[in-house]
Amino acid sequence: MPSFDTTAGVRQDAGAPGTPDDAPARSPLLQHLNAEQLAAVTLPAGHALILAGAGSGKTRVLTTRIAWLLQTGQASPGGILAVTFTNKAAKEMVARLSAMLPINVRGMWIGTFHGLCNRLLRAHHKLAGLPATFQILDTQDQLAAVKRLCRQHNVDEDRFPPKQLVWFIASCKEEGMRPRDVPVRDQDMQKKVEIYQLYEEQCQREGVVDFGELMLRSYELLQGNDAVRAHYQRRFAHILVDEFQDTNRLQYAWLKQLAGDVVEGRLVTHGSVVAVGDDDQSIYAFRGARVGNMQDFVREFDVQRTIKLEENYRSYSNILDCANALISHNQGRLGKNLRTAQGPGEPVRVHEAPSDLAEAQWIVEEIRNLVRSGEAERREIAVLYRSNAQSRVIESQLFNAGVPYRVYGGLRFFERAEIKHALAYLRLLENPHDDTSFLRVVNFPPRGIGARTLEQLQDAARGAGCSLHDAVSTLTGRAGANLTAFVALIDVMREGAQGQNLRAIIGQMLEASGLVEHYRNDKEGADRLENLDELINAAESFVTQEGFGRDAVALPLDEQRGAPVLGQSPASQGLDASLPMAEPGTVIDTDTGETLSPLAAFLTHAALEAGDNQAQAGQDAVQLMTVHASKGLEFDCVFIGGLEEGLFPHENAMSDRAGLEEERRLMYVAITRARKRLYLSHSQTRLLHGQTRYNVRSRFFDELPEEALKWLTPRQPGFGSFGAGFSGGGAYGARASGGAGRSLGEVFASPPVPERKEGPGHGLRVGLQVFHNKFGEGKVLAIEGAGEDARAQVAFPRHGTKWLALAVAKLTVVE
DNA sequence: TCAGGAATTCTCCAG
DNA sequence: GAATTCCTGA
């Protein structure tokens, strides 16, 4: 193992293949693991890839491995870095670990990529070129900043929509590219890069970083500072990465920096990197995730050990058969098949509804039956959907039926307008040059500072190259007076905050800013006032809870020079007293040990963790969420609604194979959430954009094994009946199911009878064969609108797919 | 300056 | 159908 540096702090006497010599009997830690899991947990030092199928006990393997490393003395808490994508996953890992071992988990670096980057940047902010109090922009803030920039520089917002610019900047950073690194091919690109450059200057001036910058900046910190890099490389003898298939290029490069250096074209590493992932569950390509990182990892880290976890402990085999059959339609998989020792279980139930409303009613009825019969608790029932817009109709039906439910996603606590306003005031206390926050609240509540005044102020600030806060003194007149009063208000607040605890600071700010009074006078302000109260509570529990301390450790750089190197310290005692604890807050000055103020730490927390959107977590409620949000969760009963072409698979993703395959992986994730019972449903019509759309059943139905399904409603002609002429189909289109030739009467007579009192008027239905005078015969793919505005999408073998206005086009139904 | 109504846009998502 | 932006009149 030439790439393995023995100074890395891994005890070399650990006997291969993993089980320590002094443990002839299985440690209690390792009980109840199957052979695959045991092998993964007790992997000897060295890089490894664990391919963990859905429900194969991945989190358990990860946490047990960490516990095992600590217990056997192969690592000390300070030598471990475990990185995840979501706060949820990080929290769960910490919780499970502390349940397993009586250790101080604070010594370990367990967190999200962004959380750990934040920690690095706080500890080395000077080297990273950031102020100690740098603030983090969320997506909303980022969009606001870009819009402001566009207006200042007269960017044509029709040609360069701010949202697209945000996306462009984010994807550049995900690829590790600064403005100078972006290849410029045309004028548009030139302009975009210019804006990117301006945006960077603006952020630097204001002392703010966006999420992408958090990653990129800490990558550059490691890359550009040999001492810092060497320190962390030596410290982290064990790096564990969760959901590796979701890493983007920059995150992978960041991991490589922490793992070792490239010497003469080869990666020379100090510790072990264990990556856990599942290529079949990669559902974030649209935001830069690169499944290819798994192959790159194996090659560049010269990975000798790959372990597959294929035993599924979650679902019955009918459900797994569906998942396996579906995903087998994807190409280029690493190859993995889930198996279970459990029996077939119940068949997967399929339901067709005439409308989205009827679909929701059916789902709610089934849920009530399940609960009434005692077959499932409400909290063990989940309704999954492809897009958030679908939740409303289900929510309203649940509400009408009086069924408690909980929605994940949507607007979360720290994203609410009133909370953002309050946070903006708090941020100005920390950093008066944060122009984004300044603009957010300078006139909220209204204090007579309008667009005109702010334009002047922004001009002045640009002229003087200073922040809005500093430019206020240059303005005169009545507008100037209002602004001066605002700045004075902030300054008074800041002084009042001296020596106060967080609760008092926020309380005073809420009063002094006028926010409380403003919402008190607002008819619909009651909820907002409640949320502001909740903000105080959140701050309170942040200070008292362990969550505050967990981010608290950063090693002074000097630490590395004294022996022993941390990773090598005998860790049999489990506790690591040698680690300097720096509470409260993260260390921001590695020389003096200065820490972040509680307020600054709380603001960071608010930016990195948007919080839940609903408080009643403990209640026994039905769970509603998007398929994306369901990843990593499991339920006894799962409903997947809206399985229609254009919705799932989503129309934005249907045009190319890569997009379609990601949709299929998404469906795979959805199916594998279910333990006992799975319901799939689709609807003939759906209200979207306030318009009725006529949809075909999703092609995914045709990719499931018929013997595992139970059709609750008669099987209608679906996607598979189109035959030729549909793009992106390949194998799918060929599977005709014999429904295409039905007559109108037959189609309409078959149940379920649509609830519409009158038909759509044109007599067309999706799936019918029609004739057009010019284009010839074709198949109806979709119908939108009604009456005069009705349009149909028709696939013609010769002329491609066209949208036709039914009031104009003469279409006849081919019998 | 600002409230309220009209027009427009847009859906996948963690940090 | 909702959130956001645009627009107009007071």
Side-chain angles (χ1 to χ4, degrees), chain A residues 83-90 111-118 136-144 147 151 157-158 161-164 166-167 170 173-174 209-215 218 242-243 246-248 250-251 283-289 356 384-393 395-396 408-412 414-415 417 443-455 478-479 482 522 604-611 625-632 642 646-654 659 662-663 665-667 669-670 686-693:
Chain A
V83 57
T84 65
F85 271 84
T86 63
N87 287 305
K88 198 164 64 182
T112 62
F113 275 102
H114 294 91
L116 297 176
C117 286
N118 174 57
I136 299 164
L137 296 185
D138 66 15
T139 326
Q140 280 179 45
D141 300 331
Q142 204 185 352
L143 184 63
K147 278 184 185 166
R151 266 159 227 170
E157 291 188 26
D158 289 328
K163 276 196 180 154
Q164 267 183 39
V166 166
W167 184 83
K173 291 187 179 181
E174 275 159 11
V209 298
D210 59 41
F211 287 129
E213 187 70 24
L214 227 37
M215 274 310 312
S218 62
D242 192 15
E243 307 276 16
D246 285 337
T247 52
N248 61 36
L250 178 58
Q251 284 158 338
I283 55 174
Y284 287 112
F286 68 92
R287 62 172 200 226
D356 50 351
L384 309 184
Y385 33 82
R386 177 63 178 78
S387 71
N388 268 312
Q390 290 169 252
S391 77
R392 209 177 359 86
V393 60
E395 273 187 73
S396 70
Y408 286 76
L411 202 58
R412 290 177 303 178
F414 286 114
E415 291 166 358
N443 198 36
F444 191 94
R447 37 175 83 89
I449 302 168
R452 187 84 199 89
T453 312
L454 288 176
E455 224 168 89
R478 206 170 76 221
N482 285 344
D522 187 348
T604 298
H605 165 80
L608 286 175
E609 191 163 354
M625 66 193 81
T626 62
V627 178
H628 282 95
S630 75
K631 188 165 166 198
L647 194 60
F648 202 173
H650 199 275
E651 56 195 344
N652 296 352
M654 278 162 60
E662 177 141 324
E663 294 292 304
R665 290 192 294 269
L666 204 48
M667 182 66 187
V669 167
R686 188 168 293 277
L687 218 55
L688 206 68
H689 308 172
Q691 266 198 327
T692 304
R693 297 235 320 217

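Numbers restart at 1 for each chain; the letters A, B, ... are given by sequence-line order, proteins then strands.
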Fill in the blank from the handout: With sugar-phosphate taken as primed atoms, P, OP1 and OP2 and all else as base, the protein-contact string of nucleotides 2-10 of chain C at under 4.0 Å (heavy atoms; B, S, -) is S--S-----
Between N or O atoms, less than 3.5 Å apart, protein on one side and nucleotides 2-6 of chain B on the other: list the pairs.
from	atom 1	to	atom 2	distance (Å)
B:dC2	OP1	A:Gly448	N	3.4
B:dC2	OP2	A:Asn443	ND2	2.8

Practice task
Would you check if A:Phe286 stacks with the base of B:dC12, given a 5.5 Å centroid limit and a 30° plane limit, both strict?
Solution key: yes
Problem - Phosphate-side-chain proximity, A:Asn87 and B:dA14, N/O vs OP1/OP2 below 4.0 Å - result: no
Problem - Inter-residue atom distance A:Asp246.CG - A:Lys631.NZ, 0.5 Å rounding - result: 3.5 Å
When all nucleic acid strands are considered with a 4.0 Å heavy-atom cut-off, which category describes [X]: base, sugar-phosphate, or nothing?
X: A:Asp138; result: nothing
X: A:Phe113; result: nothing
X: A:Thr139; result: base
X: A:His628; result: sugar-phosphate

Exercise for the section: Give a yes or no on whether a salt bridge exists between A:Lys88 and A:Glu609, defined as a side-chain N under 4.0 angstrom from a carboxylate O. Expected result: no
Exercise for the section: Would you mind checking if A:Glu395 and A:Arg392 are paired as a salt bridge, meaning a charged N to carboxylate O distance below 4.0 Å? Expected result: no
Exercise for the section: Could you tell me which residues satisfy side chain to side chain contact (heavy atoms under 4.5 Å, CB included) with A:Ala89, sequence neighbours excluded, listed by chain and number? Expected result: A:Thr84, A:Thr86, A:Asp242
